[in-house]
Amino acid sequence: MSGIAGICYTDGRPVNQSVLRRLLDAQSHRGPDGRQIRRETSVGLGHLALHTTPEAVHEAQPRVGRDERLLLTADARIDNRDELISALGCRRDDRPATDAELILRAYRRWGDASPEHLRGAFAFAVWDASKDRLFCARDRMGLRPFHYCWSAPRFVFGSEINAVLAHPAVSHEINDTRVADFLARIHLSKEYTFYDDVLRLPPGHRAVIHREGMHTDAYWTLTLPEERTLGSDAAYAEAFRAVFSSAVEDRLRADGDVGTFLSGGLDSSSVTATAREVSSGPLHTFSAVYEHTPEVDESEYIRAVLDRGDYQSHFVEGTDHDLLEDFPGYLASQQKATLAHTPSLLQVLHRKVQDVGLNVVLDGHGGDEVTSHGHGYPGELARTRRWGALIRDLRGSLQGEEISWPEAFVAYWLRYGRLPNRVGRRLLRLLQSVGLSTGEQKTPPQLIGDDFARRTQIADRRRRYRKQAPAAAPTERRCHFRQVSGTLQPGALEELNQVASLRAVEPRLPFWDPRVVEFCLSLPADVKRKQGIGRQILRSGLGRVLPDRVQARTDKSEFRPSVVYGLTNSALDVQTVIEEMEDALAPYVNVDVARSTVDRFVQDPSASNPADTVSILQVLRLGFFLEHKTKSKR
């Protein structure tokens with residue numbers, strides 16, 4: 001994983017070399033292994049190197065093509081190397097082809113179609129002097145970031161928002177629509193950022209910048225595949241094991257030892273156990289334990305995995321950070337109010353990876369979405385009036401929950417039975433009023449200010465978001481597709497990339513391999529979820545390598561106790577911190593609601609409403625971001 005940046009003027013004016021250097025300076029942590037720029041009059045490209053593969057040590061970027069008409073800067077790990085080397089005829093005896101060389105050769109052979117032939121994680125830009133244009137592309141799932149500002153005739157790009165903002169002509173004006181969506185907890189775009197002038201190239205997209213302007217389009221789009229029919233659960237399990245093992249193995253190519261994050265959950269345990277099975281070298285694990293909040297500690301599950309393999313295990317204390325003091329620096333690096341509620345733990349884990357001397361770590365992020373809990377299945381059963389199957393599903397999924405399966409069944413029957421819609425809704429409201437639990441979540445505090453909400457038309461945006469949300473899908477397969485293809489995922493992947501880059505670590509995410517995603521989307525609903533228990537393909541496919549107690553897990557540690565501990569044991573006082581933010585928050589947030597929410601929390605933190613805790617974190621993330629933006633202007 002590296003850093004890239006560049007400037008291109010479509011009217012031929014020269015690029016200022018000192019400004020180009022500023023773009024690299026703004027994201028310099030991405031280049032511990034070297035930095036370089038190259039200027040060709042109206043275009044300038046920069047590269048920051050982090051060597052994470054054996055071939056990367058031979059790379060010198062920006063890379064010039066053999067005919068000196070092509071210039072490349074790339075942040076890339078290409079996984080289908082053997083296939084490309086064969087197709088492009090670049091075998092050599094002295095050293096293996098670098099990933100940058102493969103990209104450049106692919107562009108020379110296939111031009112704008114070149115990204116279609118690449119498998120892996122990448123973001124790159126190629127200056128093609130013969131056509132007087134810049135060509136840019138990003139991988140299918142958005143595993144490597146690409147931010148840009150286009151204001152004709154100037155195109156500025158970088159791995160990070162910070163790099164783009166470093167150009168003096170790029171405005172730092174806040175994007176009100178993005179702030180409103182953040183406060184409303186909705187996501188309606190894979191392109192927008194918290195700045196008006198800065199956009200993201202969406203996953204699976206390419207862009208061409210030339211004298212006529214800028215054009216972007218999708219070279220690849222995730223679609224819902226045909227339903228797969230294999231005949232038996234064992235056949236499905238074997239097929240999943242093969243594709244997942246291949247994804248993990250591809251991500252073990254490294255210049256040194258590799259680590260995995262191991263939390264004890266099904267996702268991280270699956271990645272770790274599979275990596276141990278297919279790896280020939282040492283495998284390190286990195287785990288958090290919780291002495292101060294034992295209710296969230298998962299040491300017993302972590303140990304169950306470690307006991308089945310030869311691992312070099314490393315542990316950190318999950319509360320060994322100051323939640324409030326760490327927020328500002330992290331948000332300054334992200335240049336946004338983050339999706340992650342509490343990024344501090346990730347910073348502690350990556351610091352440990354760096355201290356051990358590794359720069360590659362496999363992460364189980366995405367396992368929930370990709371292998372699917374089957375949350376859309378009960379609704380599908382109700383819509384098709386398969387009441388017996390729905391009862392069996394609810395009895396399995398609601399064991400130990402506050403809502404009982406009969407209560408949930410009544411709610412589904414009223415919603416999807418043969419009653420007229422109007423009658424069903426009225427009966428549902430009546431039963432709710434007398435205490436029937438229907439599984440509806442408590443309404444969180446409405447943080448967005450009234451005037452700001454009207455100005456950004458947030459009510460209409462909420463309606464649009466609800467229509468495209470997974471819960472609105474008519475079938476489990478459609479619900480699953482919306483979960484993995486939605487607007488939320490690219491932002492989450494970018495955040496993971498950014499927090500890792502601060503410690504010169506490359507995160508690798510096997511669940512987001514397109515082959516794994518497409519395989520899981522092709523599964524019938526009753527293969528993914530049985531008797532109310534989801535993610536069956538992961539349980540059955542990796543049953544041979546997972547400990548029984550991990551394979552059978554249906555619970556997940558609740559993060560709230562550690563958050564409450566972090567908020568109440570900080571060197572800073574959360575009430576005072578939010579009070580000091582009020583001026584920055586006032587244009588966007590209903591300050592009275594924010595103040596009353598934090599007041600309720602501090603009265604009895606351990607017994608506070610979980611919705612209040614989430615809202616406080618939301619206020620903190622936005623407030624620290626706005627404060628940083630104000631200070632950076634001075």
Side-chain angles (χ1 to χ4, degrees), residues 1-31 34-50 59-65 68-76 99-100 103-104 107 112 114-115 122-139 144-170 193 195 197-202 205-211 213-216 335 494 497 501:
M1 185 175 76
S2 302
I4 60 174
I7 304 168
C8 176
Y9 287 106
T10 59
D11 62 356
R13 75 180 67 177
V15 168
N16 185 316
Q17 193 161 293
S18 65
V19 173
L20 181 57
R21 288 197 184 97
R22 286 173 60 180
L23 271 59
L24 293 184
D25 291 343
Q27 51 183 2
S28 59
H29 50 270
R30 288 182 170 267
R35 58 184 286 162
Q36 189 171 333
I37 64 172
R38 188 176 179 101
R39 189 165 59 98
E40 300 289 340
T41 310
S42 62
V43 66
L45 302 182
H47 187 263
L48 294 158
L50 172 62
E59 283 184 349
Q61 293 191 55
R63 184 181 180 87
V64 182
E68 296 191 353
R69 303 293 286 170
L70 300 177
L71 182 64
L72 166 78
T73 184
D75 170 21
D99 290 354
I103 294 171
L104 208 52
Y107 178 81
D112 291 3
S114 56
F122 58 82
F124 68 84
V126 176
W127 170 247
D128 189 339
S130 66
K131 298 180 180 178
D132 196 28
R133 68 172 196 164
L134 187 70
F135 177 82
C136 310
R138 192 176 179 199
D139 67 74
R144 298 293 169 91
F146 191 103
H147 295 89
Y148 71 90
C149 171
W150 165 244
S151 178
R154 182 187 59 254
F155 181 77
V156 181
F157 73 89
S159 294
E160 299 182 9
I161 294 175
N162 274 321
V164 182
L165 292 174
H167 194 288
V170 176
T193 72
Y195 293 91
D197 273 10
V198 184
L199 296 173
R200 301 138 72 202
L201 186 65
H205 276 61
R206 60 194 163 200
V208 175
I209 299 92
H210 47 51
R211 289 185 180 278
M214 176 179 178
H215 171 74
T216 64
Q335 282 291 356
E494 287 159 6
N497 182 284
S501 75

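Residues forming a ring-ring contact (aromatic ring centres under 6.0 Å, His included) with Phe135 (at least two apart in sequence, or on another chain): Tyr107. Taking Arg69 as the reference, nothing meets the side chain to side chain donor-acceptor pair (under 3.5 Å) condition, with sequence neighbours excluded. Applying the side chain to side chain donor-acceptor pair (under 3.5 Å) criterion to Arg138, with sequence neighbours excluded, gives Glu494.
Within the 4.5 Å cutoff, no side-chain heavy atoms of Val43 are placed close to those of Tyr9. Taking the side chain as every heavy atom from C-beta outward, Phe157 and His147 never approach each other to under 4.5 Å. Residues Pro62 and Gln36 have side chains in contact (heavy-atom distance under 4.5 Å, counting atoms from C-beta outward). Between Met214 and Val208 there is no side-chain heavy-atom pair separated by less than 4.5 Å. Two residues are said to be in side-chain contact when any heavy atoms from C-beta on lie closer than 4.5 Å; Thr10 and His210 fail this criterion. You'll find the side chain of Arg206 stays beyond 4.5 Å of the side chain of Thr216, heavy atoms only.
Here the shortest heavy-atom pairing between Ala74 and Ile4 reads C-CG2, 3.5 Å. Across all their heavy atoms, Thr73 and Ala5 have their closest contact at CG2-O, 4.3 Å. Pairing each heavy atom of Val126 with each of Leu70, the nearest pair is CG1-CD2, 4.2 Å. Across all non-hydrogen atoms, the minimal contact from Leu201 to Ala207 is CD1-CB, 4.1 Å. Closest heavy-atom contact between Ala125 and Leu134: CB-CD1, 4.2 Å. Among all heavy-atom pairs drawn from Gly3 and Arg30, the shortest one is CA-CD, 3.7 Å.
Side chain of Thr193 to main chain of Leu199: no donor-acceptor pair is present (N/O by atom type, distance under 3.5 Å, no hydrogens or angles). With Asp139 contributing its side chain and Arg144 its backbone, the two residues share a donor-acceptor pair below 3.5 Å. Looking at Arg22, its side chain does come within 3.5 Å of a backbone N or O of Ala166 through a donor-acceptor pair.
No hydrogens or angles considered: nothing links the side chains of Asn162 and Gln27 as a donor-acceptor pair under 3.5 Å. Under 3.5 Å, the side chains of Asn16 and Arg39 contain no donor-acceptor pair of N or O atoms. Residues His29 and Glu160 bring a donor and an acceptor atom of their side chains to less than 3.5 Å of each other.
Of the charged side-chain nitrogens involved, at least one lies within less than 4.0 Å of a carboxylate oxygen, so that Arg133 and Asp112 count as a salt-bridged pair.
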